[in-house]
Amino acid sequence: MDVLVYLIPIALFMGLLGLAGFLWALRSGQYEDLDGSAERILYDEDDEGGGDPPDPAR
Amino acid sequence: MSDAAADLAPSTPPAPAPAGTRLARYVRRDRFGPALHLLVEGVRCGGCVAKIERALSGVEDVTHARVNLTNRRLLIRWTGPDERADALVAIVEQTGFPAVPYDPGRLDDEDAREDRRLLRAMAVAGFAAANIMLLSVSVWAGHAQGMSDLTRTLFHWFSALIALPTIAYSGRIFFAGAWGALRRGRTNMDVPISLAIVLASGMSLVETINHGDHAYFDSAVMLVFFLLVGRFLDHRARGRARAAAGRLLALRGEAVTVLSPRGTTVALPPEEVEPGMTILVAAGQRLAVDAVVEDGTSTVDTSLITGESLPAPAEPGTKVFAGTVNQTAALTCRVTAAGDDTLLSEIVRLMDVAEQRRARFVALADRLARAYAPVVHLLAALTFVGWVTLGGLAWQPALMIAIAVLIITCPCALGLAVPVVQVIASGRLMRQGILLKSATALERLVGIDTVVFDKTGTLTKGALTLVDTGADASALAEAAALAAASRHPLARALVAAAPPGPPAGAVREIAGAGLEHDTPVGPVRLGRRDWALEDGEAPNDDTAAAGPELWFHRPDQPPVVFRFQDDPRPDAGAVVARLKAAGLDLHILSGDRPPAVAAAAAALGIDHWRAAMTPVEKVAAVEALAQSGRRVLMVGDGLNDAPALAAAHVSLSPTSAADIAQTAADAVFQGDRLAPVVETLDVAGRSDRLVRQNFVLALGYNLIAVPVAVAGFVTPLIAALAMSASSIVVVANALRLSGQTRRQDPAAGGAAWTSSST
């Protein structure tokens, strides 16, 4: 049973990774516009030659 | 005057400001350059989004343009001067979507922050609950199959390591609520919740340190998680409605063009304008201050203030008010009141006061909590005393049992009973185009006995249509060709009624009178009776028309009259009949003229009506009804209704309403039908029954669980099972509300409401 001492922290760490991923997504605005993202995929922006609207952060 | 002019100098550019700088003050500069936040109205699908973004991405200096479809906001960034803002907004408006700038710091983002805070807390609690439950299952299995004390204590320590930070982080929401209530000497649902969470985790920590058998970390964290799910859903369901209604500042947003004594013009934000200044108001511009017209003739759309559907003429000497729109020609006015002294601000203040009075309503759950919390706490105390004195236990085990009572009675199901029903009810209403804004709106709708309607725009469509007066088609077509040149509501209604045709050229619009067009044989006129018709031409007829009319004069032909009326909403009669059948007392309070109101009241069968009311009188009337012991539902759409909407026990507003009315109302409904009023009342009644059933279920569970807990038989396993089971029962019961939707929708024709909104 000693192995539990390693296994449980490893399991918790992996769970925490998932949680951190979710919180990152939340912080970076992935959930800001759920409706828009669902609709956007239906519209081809490539034919305008621009692709995504340019992001000034780059 | 000279003082005012002196004030202008430092805060404004020295040169006369070009006309296109009125939006520049909304531009925010950050490290990426200028940015403008806009609220775009009418965006409904990805197509609209693509259209706007494509139009903007074609502009050379625009670096970023993105529409958020969820909250209808547009962020534009560009390189260059701030003054480009006006040109960019013009490009957006050319795509057909009106855009209003807003200050992102002032509007929101309290709501969005709260949303994210709840989501974060819920995610953390969910993660913790899942992991602790895994450990707990092992411990429970260990109780049955044998687990060494050392291993169990290890598992408890792991649980504690997960649970304690989680409770500190996610539980803050409840602790803050409980502390806020206690500080004001009250209790709410958060008090027993917080107490149970704190005691459960504290006792479990002591047990863990002492290598005890039982730790309740799983129960504490699960409780936090379940309750946060309820809170988050509740908050989300109403977030969108609130976002749609938070546009109050658009009314006062536009800059004012001030004429300085030297003859130059400067654009000033409304808050810097002072009484006595002379301002220029262009056609189509919304006034931001109260003023008296000094020069020019025009018509002013006062619908926002008075609810009157027809624009009022404005000529030198006429008082015009902030919030109204100058329609036909430029006016020069002298400011009489600005900022907080305007009539508009007065109405907003009236609304705020009325709203504060209403804020005293206590939600059902909180009322229950006030009764419930003391009982539970007393019970726990009695258990402790009982076990020590009568049961002969030492104080430590007796305290354990008392805390177990608190944990098992912790209102998990009780805390979910209301939010779950609320979420399902608001989801059901939203599918029908009704957006609930206020948390307690559904509860307040129950027990309504009086419904007060506004007339224009609420019972009626608020738009004028041509009454068929038998005018021949050629006269109609000719008149429509003339009317096409005007933006006057009557002219537009005439154009809408006529078959499409080419507009007439060289039409003059005479403000407050009508339209004129010269032909070789003489002038053709369309407008007011005494202006349009030649002397002696007026026919002897029934002039006692209730609605507005337009006279059409052509040389050598008899005059033609076009009459207009504001049609009631298509189902207004049916809705009134159903409300009456339900035993409700119906009233009309209107700012319109008495004959028009009387006609509408008679047509719909509403006995009590009052006309020509000011906003203050409307509030007084609603409050008089409330004081005679009635519970008033107010349905209204105008700015003039806003204070009354806020004063009523509960209020509804169509989405065609003035923004401020939507802000004041508890719920807004889409579409051109009135049936959502009935539907809302119906859902409110059903939700109320479900909430009460849920309370009975939750209390019934306590009746079983409490004796077990008092007797000292509760283990963490039993607590976890009981808590989950009662929560599931409550949620399942609430789900019946959405089940009923699917069966009833086709028959009620409810689906039509959502699609009819534009």
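Naming: A, B, ... by sequence-line order, numbering from 1 per chain.
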| field | Nearest-0.5 Å distance that lies between atom OG1 in B:T208 and atom CG in B:L154 | value | 11.0 Å
| request: Give, for atom CD of B:E114 and atom CZ of B:R231, the distance between the pair rounded to the nearest 0.5 Å. | output: 9.5 Å
| message | Looking at B:V67, is its backbone amide N or carbonyl O close enough to the side chain of B:E53 to form a donor-acceptor pair, meaning the two atoms are under 3.5 Å apart? | response | yes
| task | Give me the one residue out of B:V221, B:V124, B:L118, B:L227 that meets side-chain contact (heavy atoms from CB on, under 4.5 Å) with B:S170. | result | B:V124
| task | Sort A:L26 into side chain, backbone, both or neither according to what part of it lies under 4.5 angstrom from a heavy atom of chain B. | result | both
| said: Check whether B:S201 reaches the backbone of B:L164 with its side chain - one donor and one acceptor, N or O, closer than 3.5 Å. | reply: no
| note | Checking heavy-atom separations under 4.5 Å from chain A, one finds in residues 128-143 of chain B B:N131, B:L135
| request: Supply the atom-to-atom distance B:F127 CZ to B:T166 OG1, rounded to the nearest 0.5 angstrom. | output: 7.5 Å
| B:L56 versus chain A, the contacting section by heavy-atom distance below 4.5 Å | neither
| task | Decide yes or no for B:I52 and B:L74: does some side-chain heavy atom of the first lie under 4.5 Å from some side-chain heavy atom of the second? | result | yes
| Residues of residues 13-21 of chain A near chain B, each having a heavy atom less than 4.5 Å away | A:G15, A:L16, A:L19
| query | Say you draw a straight line from CE of B:M147 to CG of B:D213; how long is it, rounded to the nearest 0.5 Å? | reply | 12.0 Å
| field | Polar side-chain atom of B:R84 near backbone of B:P81 as donor-acceptor pair, under 3.5 Å | value | no
| task | Indicate the atoms forming the closest heavy-atom contact of B:F217 with B:A160, along with that distance. | result | CZ-CB, 3.4 Å
